[in-house]
Amino acid sequence: MRPGNESGVQNNEAWRFTVYDGERENTRAGGKENVDFSKTWFLRMRIEGNKVNCEARPKGGVWKTYEAIDFGKEVEDPIAVRIGKLGRHAEGVDHEVRAN
């Protein structure tokens, strides 16, 4: 889960969260809401049965689920977590934005 829209494309639309589920990016996580990224945001991933809920809230705000990824089977507790600088395919490199 990351702030922003299309990978590597200059943003010309409302700001949203993008969620990568291991196979594809959803650049419209949370629908049409325009997210104000000039404020501090908190992110969390919450496991609930077969789903991983990708949630966020602004500082002082309430949690909102922006994407629920259904794995079709019980999701086990994680044994490791990596935060930040994952790159488009979680390969550990910075996300690059193409110049126009």
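Here the structure is a predicted model, which means the values were calculated and not measured.
From E74, atom CD reaches atom CD of E48 across 10.5 Å, with rounding to the nearest 0.5 Å. Rounding to the nearest 0.5 angstrom, the gap separating the NZ atom in K73 from the CD atom in E76 is 7.5 Å. Taking CD1 from I69 and NZ from K51, the interatomic distance works out to 11.0 Å, rounded to the nearest 0.5 Å.
Using a cut-off of 4.0 Å between Lys/Arg side-chain N and Asp/Glu carboxylate O, E55 and R57 are scored as not salt-bridged.
Judged purely by atom type and a 3.5 angstrom limit, W41 uses its side chain to pair as donor or acceptor with the backbone of D36. Distance alone, capped at 3.5 Å, places no donor-acceptor pair between the N50 side chain and the D70 backbone.
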Between C54 and T65, does a side chain to side chain contact (heavy atoms under 4.5 Å, CB included) hold up when you go through it step by step?
-> CA-CA 6 Å; C54 303; T65 301; over 6 Å; no
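F42 and Y66 fall into different hydrophobic clusters, where Ile, Leu, Val, Met, Phe, Trp and Tyr side chains are chained together by heavy-atom contacts under 4.5 Å. W63 and L43 are not part of a single hydrophobic cluster, where members link through side-chain heavy atoms under 4.5 Å apart.
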